[in-house]
Structures are given as C-alpha cells and as structure tokens.
There are 2 protein chains.
Amino acid sequence: MADAAKPDLAHGHHVQGHAAHDHQGHDHGGARAGGVTLTRNQSLVLGILEKADAPVTAYGILDALRPEGIRAPLQVYRALDKLIELGVAHRLESINAFVSCQHDGCHDVAGTVFMLCEKCGHAEEMADAETSAHLGALALMARFKPARTTIEMRGLCAACAGT
Amino acid sequence: MADAAKPDLAHGHHVQGHAAHDHQGHDHGGARAGGVTLTRNQSLVLGILEKADAPVTAYGILDALRPEGIRAPLQVYRALDKLIELGVAHRLESINAFVSCQHDGCHDVAGTVFMLCEKCGHAEEMADAETSAHLGALALMARFKPARTTIEMRGLCAACAGT
DNA sequence: CCCGTGTATGTTATGATATTACGCAAGTCA
DNA sequence: TGACTTGCGTAATATCATAACATACACGGG
Ligand SMILES: [Zn+2]
Ligand SMILES: [Zn+2]
Ligand SMILES: [Zn+2]
Ligand SMILES: [Zn+2]
C-alpha cells in the first residue's frame, strides 16, 4: 500500500518506446505520456544509471537500490534487459557494466561507439554513421546478418591523456 | 629429468612475437625459430583454441586440458593473457570466450572485426582497415587515446541465415 | 660461483557476474 | 471466465575471473 500517492521518489520515467507493444503489465501509476511508461523497478534502475557519471555494474545497481527494496540480482537484470531493449540503456560488454543512453534513445544501435576511459571510468557514447555503414557493407559481403553490434574502445579520455 | 628429449607431445608452438623480450623463462625444450617459443601451458591452450571450430571459454579450455595436468583457472587465464598479448589469440568480450587468431597474428588489433553466429557458434575474424581508420578519426576528434578496440557483431552467419 | 631479477608455474581460496527454476500477481483479450 | 502475457520476489546455482602466496628455472652481473 501507499503506492498510488507517494511523492518522495516519483518514478515518472517514460520513454519514446520504438518497441511499443502498449500493454506492459501493472504500471504502479506512472504518468504515461505517449511513450512507454516504465515500471517501478525499471525506473529505479534507470534512475541510478542516469545520475551516475560512469558505467555501473549490475551488482552496483543492486547495492544502490537495496534501500528501495531491491534485493536480488534478477530484479536488476530484468529491468536492465527491458531498458536495453527500449534503447534507453546500453550494456558495455568489455567491462560488464551498464550506462544510460546519452542520446535520445538509440534505435540504430549498430553505429554506437563507446570510448571508455580506463583511468577515470568515463564512458562517452558517439554515433558514427560511416563506421556503421562500413560494418554493414562488411557484413553484407560475408552474408552475415547482424542483430547486435558492439564497438568499444578502451584507453584514455581527453582529460586523462592530458592533451 | 626426461625434459630435453621428450617427443611424445611435441609442443612446438612458436610465434613471430612482435613483443620480443627474448628471454622468457624455462621453455621446456621447444624449438625456437626466430620468434617466441611458447611455454608448455601456453602451447597447450593455443592448441585447444586452434583445433576448436568455435570460440572456447576459459573453463572449457580448463576442462579440455585436465588430462594434461592443468587444474586451475589461473593456469588457463595466464596462458591466455600471454597469447593475447602476442596477438595469436583474441578475447571475445561479448561472449566471454577466446579464439585463436585466424590471420598471421594480429598486430593492429584496432581493425579486427568479429562476426559471431548465435546459432552455430561460428566466429569469423576480419580485418577492415576502413573501419579502423574511421574509428581512429573519431577518437582523434574526441581527443581519446585508444589502447584496445573491440568490434563484435552478433547475428546469423551465411549458413545459418540460409541466404 | 652466488645472487638478484624476470618470467612462468602450482595451489587454495575468494570475488564478481549472470542465470535457472518456481510460484504468484495483475492486465489484456476472446 | 480462462488463456495468455508481462512483471515481480525468492532461493539456489552456474559461470567467469582474480588475489595471495610459495616455488622453480633462466639469465647475467659481481
Ligand atoms: Zn545510446
Ligand atoms: Zn579519463
Ligand atoms: Zn587476429
Ligand atoms: Zn551459423
């Protein structure tokens, strides 16, 4: 109880939802506005990612959300799966961590390039249509049908490289 | 004893070794020929990767090498680290697995693209200088100094897509 | 020859990341 | 109503990776 009117944390997240299946279970009263309204868990997880200034691991998210009642890894992983499917979060394969999308929701995920600083932990997300096109051509030549593409560069960011 | 002349397993792996530090500990009698001669563990691990037709996990390697006396994950991970450093093996970040290099040892690792079939498990390695150049330009614009670059596409290979 | 240094090894224990299996609750729709 | 879908909660387990410590061998200088 005390769920319909609880102004302290206001999980009012909603996204544009290119995968708009519409019905998505009980929504705990979030304000739906054209896009998909996130559930409480999804909104909590996205909130952590958005206010972090670096990628966060699933267990990092879990620890951050224990005060909110999140207790098991699965609750985090399930929310992450959904957020990634919606394009509002990304998984960084090379460091087993997650970030919120820095753009307006990545729908063409194939051209998303991440630059991960190994010193300060900063993750910069960029879209590069040309790289995307080249990889697409490469796949076409190999008759490969790509579903998900990961491009991650690890090194030093501008600040840490001192340039 | 019986170390200098032991023809039964003949771990005669040797690579071109762009990181030629020369002296690299006791080599169990491998035939060094200009490049770096691998140690027994390194040679065993590389052997598993080379004869596999798909990426292998570290624990898969471990299981495969138990008959040869390998017992602990660390023995495998250490060998893998060295093989990757030498450019004769690669780590596939998105599936936590390893493959032997399909080229003649990747020295410019930045342009290596992997196409991973999610149905049959096949991993195809390609070098794409153009993609590499684009990513390099992108990094330059962002003043980012890349150390390692991962490019992995997951989807369906030509055979599995039925094209 | 002895010894310091670098590299590889072997073993145990632990940490970090991710999934399976089960049951339940709530909304949608015929 | 009843089948179906989606999400939630919990416990247990699976999978992936590293820390810490001790030992062994090659090399080269003193
Ligand atoms: Zn994005
Ligand atoms: Zn940095
Ligand atoms: Zn290669
Ligand atoms: Zn296939």
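Chain letters run A, B, ... following the sequence lines, proteins first and then strands; every chain starts at 1.
For the pair A/Thr131/B/Ile151, no side-chain contact is recorded, criterion being any heavy-atom separation below 4.5 Å from C-beta on.
Note on A/Thr39: every side-chain N or O is 4.0 Å or more away from OP1 and OP2 of D/dT6. In this structure, B/Gln75 reaches the C/dG10 phosphate: one of its side-chain N or O atoms is under 4.0 Å from OP1 or OP2. For A/Asn96 and C/dT17, the shortest distance from a side-chain N or O to OP1 or OP2 is not below 4.0 Å. Residue A/Arg40 has no polar side-chain atom (N or O) positioned under 4.0 Å from OP1 or OP2 of D/dC8.
Between B/Arg154 and A/Glu93 there is a salt bridge, since at least one side-chain N of the basic residue sits less than 4.0 Å from a carboxylate O of the acidic one.
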Checklist entry - Could you walk me through whether B/Cys101 and B/Glu125 pass the side chain to side chain contact (heavy atoms under 4.5 Å, CB included) check? => result CA-CA 8 Å; B/Cys101 180; B/Glu125 175 181 356; 3.6 Å; yes
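One can place CG of B/Asn41 at 17 Å from P of C/dT7, the figure rounded to the nearest angstrom. Nucleotide D/dG7 holds its P atom 10 Å from the CG atom of A/Leu38, rounded to whole Å. As a whole-Å value, the separation of B/Glu68 CD from C/dT9 C1' is 17 Å. When the P atom of C/dG15 is taken as reference, atom OH of B/Tyr77 falls 17 Å away, rounded to whole Å. In this structure, A/Glu85 places its CD atom 11 Å from C1' of D/dT6, rounding to the nearest Å. Here D/dG7 presents its P atom at 14 Å from CD1 of A/Ile70, a figure rounded to the nearest Å. Atoms CG (B/Leu74) and P (C/dT14) sit 16 Å apart, rounded to a whole Å. Whole-Å rounding puts the B/Ile95 CD1 to C/dT19 P distance at 14 Å.
For the segment residues 46-62 of chain B, the set of residues with a heavy atom within less than 4.0 Å of an atom of DNA chain D comprises B/Thr57, B/Tyr59, in numerical order.
Considering B/Ile61, B/Asp81, B/Asp63 in turn, B/Ile61 is the only one that fulfils the side-chain contact (heavy atoms from CB on, under 4.5 Å) rule with B/Val76.
Taking every heavy atom of both residues into account, B/Leu49 and B/Phe98 meet most closely at CD2-O, 3.5 Å.
Residue contacts shown for B/Arg78 include a base, since a base heavy atom lies under 4.0 Å away.
With DNA chain C read from its 5' end, the first of the two nearest nucleotides for A/Asp81 and B/Ala72 is the one closest to B/Ala72.
Remark: B/Arg66 CZ to B/Arg71 CZ distance equals 10.0 Å, nearest 0.5 Å.
Under the 3.5 Å distance criterion, the side-chain polar atoms of A/Gln75 are left unmatched by any main-chain donor or acceptor of A/Gly69.
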